[in-house]
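Okay, structure first, notes after.
So you know, we letter chains A, B, ... as the sequences are listed, proteins then strands, and number each from 1. Values below: all heavy atoms of this structure, side chains included; hydrogens, waters and symmetry mates excluded.
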2 protein chains.
Amino acid sequence: MLKKLSIADIARELNISKTTISFIVNKRAEEKRISPGLVKRVEAYIKEVGYKPNPIAKSLRTGKTNIIGLMVENIADPFFSAVARHIENKAYQSGYKILYCSTDNNTDKTKELLEMFRERNVDGCIIAPPVGVEQEISSLLASGMPVVFFDRHLEGIQTDQVEVNNYESTFEATRLLIAEKYKNIGFITFASSQTQMQGRLEGYRAAVSEAGLKEFILEINFDPDERLIIDPIVDFIKKHPKMDAVLFSAIQAGTNGLKAFQKLGTRVPEDLAVIAFDDCDLFELYNPSITAIYQPIDKIAEATIDLLLKRLHKKAVAGDFKKVVIPTGFTLRHSSKPVAVRKKTVNKKG
Amino acid sequence: MLKKLSIADIARELNISKTTISFIVNKRAEEKRISPGLVKRVEAYIKEVGYKPNPIAKSLRTGKTNIIGLMVENIADPFFSAVARHIENKAYQSGYKILYCSTDNNTDKTKELLEMFRERNVDGCIIAPPVGVEQEISSLLASGMPVVFFDRHLEGIQTDQVEVNNYESTFEATRLLIAEKYKNIGFITFASSQTQMQGRLEGYRAAVSEAGLKEFILEINFDPDERLIIDPIVDFIKKHPKMDAVLFSAIQAGTNGLKAFQKLGTRVPEDLAVIAFDDCDLFELYNPSITAIYQPIDKIAEATIDLLLKRLHKKAVAGDFKKVVIPTGFTLRHSSKPVAVRKKTVNKKG
DNA sequence: TTGAAAGCGCTAACAT
DNA sequence: ATGTTAGCGCTTTCAA
């Protein structure tokens, strides 16, 4: 392994200046009116010896890194990792690499991470922001850093953003349960002031209120330890025996909700009809299958990275921010309507 | 937003040299015997104005980037994203950031990505390698880049690696099915010459052969389009009506296998007993619950990043590579043993 | 049409 | 105990 060649080595070898080579390498030969002969000779030599400009030196000089900072709540979350995958694809196609990090919705950690993005000179950021970092994001924005929010936004901050129609999704889902004659519809969610969670909560509340029904809301403090999610759900269900349907606000609520049902022997939809926000294989294969609101992850990711790339390529007007709203989809399955003929369940016999 | 301060600004302001400041900032004041008074004055000023050294300039000078390259098959895969999460935690604790990318098991793409890691001067790489990039990895290693393999390795390449005991896992799982008196045990896997998949296949074959039973093997060409996984499974099951048990070699085989069962109306374990490699909520909540071999992802990730950090901190002896084998766990559920008293299933009535 | 040279911000060998 | 200075490899202004 020989030492990597620098532009100076090439210049010396070819007996021409670094400047000329730099122009050729950066495809500015024509603009700089370098003779085609020279261009050919240099390009041939570069290919022959496999010269690649050092991106770090380039960054130091230009201030550009060709790196995008991606900040999600948790990269292990299937939603965020799927978004990351799509973003990665598009970013690499445009020559950008991705530095990722997880916030855990921790404000202090997020602030550090934002500071890191600034120090590292990432060219732009894609962020699913926790509340409480408004000031830091504003400062980042003020310093000229392009920032695109996705999944949620921060009140009072003007920047590009991509979201699904959270309010409408739960509003319609709740109305569907109401149309099926459910009278006591619960909403199981996480305690969060994030905009997307607020939107989902408000959609539910509006539909229930419109129908003159009573609210049953459980707000769980999110914890990676799933027992701390399952147990409150168990308690909530026990506490409200009249509840005949439930809407889960997020995937972790839905899957842990099913685990709670298992503990309690709750029958779906006989004891409790169910609709879940976010879809997954489990909901398709569960018996009975679970009706779900799904987020078109590919569309969300693509809109997000497109917005950022437009900024990076200066195709977007400074100060003119876009808000893209992606509609969710709905997968109607068996958990959300009463069974006409009630079947005997095997569970009770076992 | 003022321009960021450089070490030169501080030097001018404090009327001392850049060198001194550099030593102080890099905690080498004592070693360089800088007077405590000065150290204090400088540190106070630095804190006051919030000076942070520019990591890019530092990288250019030192050749170190404090960036780790993480290369997985697909960051959207729950296994890999969970590994990524754990690695991220540990890496950030040690001051390293992570650049990630997905190979899709595509050789050409992987080669480009490896080249990118080299160009970008990442300090070390964590790689789940596809076959076919032996030469490129060797060259990377030869140039002094620390590389840790995980999930699988590449034949003939000496480097640190972390894996689970694939062979033993499927060997024991198959023996378990044999002990339950299953006679025609199938193995549903993906066509792959990767070491981990080969290990799982061989474990199955050894156990079947030991018991003098017949092999039933389905090798599917992996495709992100799940229909192209489900359909072959459906065909395979139809083609082998005598098959009474099946072992899935990976999560995508298992989940799509259940979808195939759904299409066919296959009853578990009455028609087909099941054990799956990799565990997930679906297997826990499916009816009947699915027995699974699980990979301790936290342990895998920790062993991997530890190995790399040891290299980066020069705590590992050059040329002395470690191979860490993490034992899988086994979650015995209801899909892997005959039901003593056959229950009538509700499915058939509905 | 091409080249010389300054400088991005930092580190470290070499003074003093 | 602290300072001078030469780069790391690149881009770009200015000059020729």
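At the heavy-atom level, Ile16(A) lies under 4.0 Å from the strands shown only through sugar-phosphate atoms. Within 4.0 Å of Leu38(A), counting heavy atoms only, lie sugar-phosphate atoms of the nucleic acid but no base atom. Across all strands, Leu60(A) comes closer than 4.0 Å to base atoms (heavy-atom distances).
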Which atom pairs, one a donor and one an acceptor, fall under 3.5 Å between side chains of residues 37-48 of chain B and the rest of the protein, sequence neighbours left out?
none

Show the distances under 3.5 angstrom between N or O atoms of the protein and N or O atoms of nucleotides 12-16 of chain C.
from    : atom 1 : to       : atom 2 : distance (Å)
dA12(C) : OP2    : Arg28(B) : NH1    : 2.9
dA12(C) : N6     : Thr19(B) : OG1    : 2.9

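One can place CG of Asn15(A) at 9 Å from P of dG3(C), the figure rounded to the nearest angstrom. Rounded to an integer number of Å, the gap from CD1 of Ile56(B) to P of dC8(C) is 14 Å. Here the P atom of nucleotide dA5(C) and the CD1 atom of Ile7(A) are 17 Å apart, to the nearest Å. We find that CZ of Arg120(B) is positioned 17 Å from C1' of dC8(D), with the value rounded to whole Å. Computed from coordinates, the Ile10(A) CD1 to dT11(D) C1' distance equals 16 Å when rounded to whole Å. Note: NZ (Lys58(A)) to C1' (dT11(D)) measures 9 Å, nearest angstrom. Distance, Lys40(A) NZ to dT1(C) C1': 17 Å, rounded to whole Å. Atom pair Glu31(A):CD and dT2(C):P shows a separation of 14 Å (rounding to whole Å applied).
At dT2(D), one or more side-chain N or O atoms of Ser35(B) fall inside 4.0 Å of OP1 or OP2 (strictly under the cut-off). Between Ser17(B) and dG3(D) there is a side-chain polar atom (N or O) within less than 4.0 angstrom of OP1 or OP2. Phosphate contact (OP1/OP2 of dG9(D), side-chain N/O of Tyr51(A), threshold under 4.0 Å): absent.
Side-chain contact, His86(A) with Glu302(A): no donor N or O sits under 3.5 Å from an acceptor N or O. Under the 3.5 Å distance criterion, with hydrogens and angles disregarded, no donor-acceptor pair is assigned to the side chains of Ser102(B) and Glu73(B). For the 3.5 Å distance criterion, the side chains of Asn121(A) and Thr65(A) fail to qualify, holding no donor opposite an acceptor.
For the side chain to side chain contact (heavy atoms under 4.5 Å, CB included) criterion with Phe79(B), the lone passing option out of Asn74(B), Asp151(B), Val72(B) is Asp151(B).
Between Asn105(B) atom CG and Ser192(B) atom OG the span is 6.5 Å, to the nearest 0.5 Å.
Evaluation of the side-chain hydrogen bond (donor to acceptor under 3.5 Å, both in side chains) rule for Asn26(A) yields Ser22(A), Lys58(A) as partners, not counting sequence neighbours.
Closest to the side chain of Ala57(B), out of dG9(C), dG9(D), dT2(C), is dG9(C). Nearest nucleotide to the Ile34(A) side chain, out of dC10(D), dT2(C), dC10(C): dT2(C).
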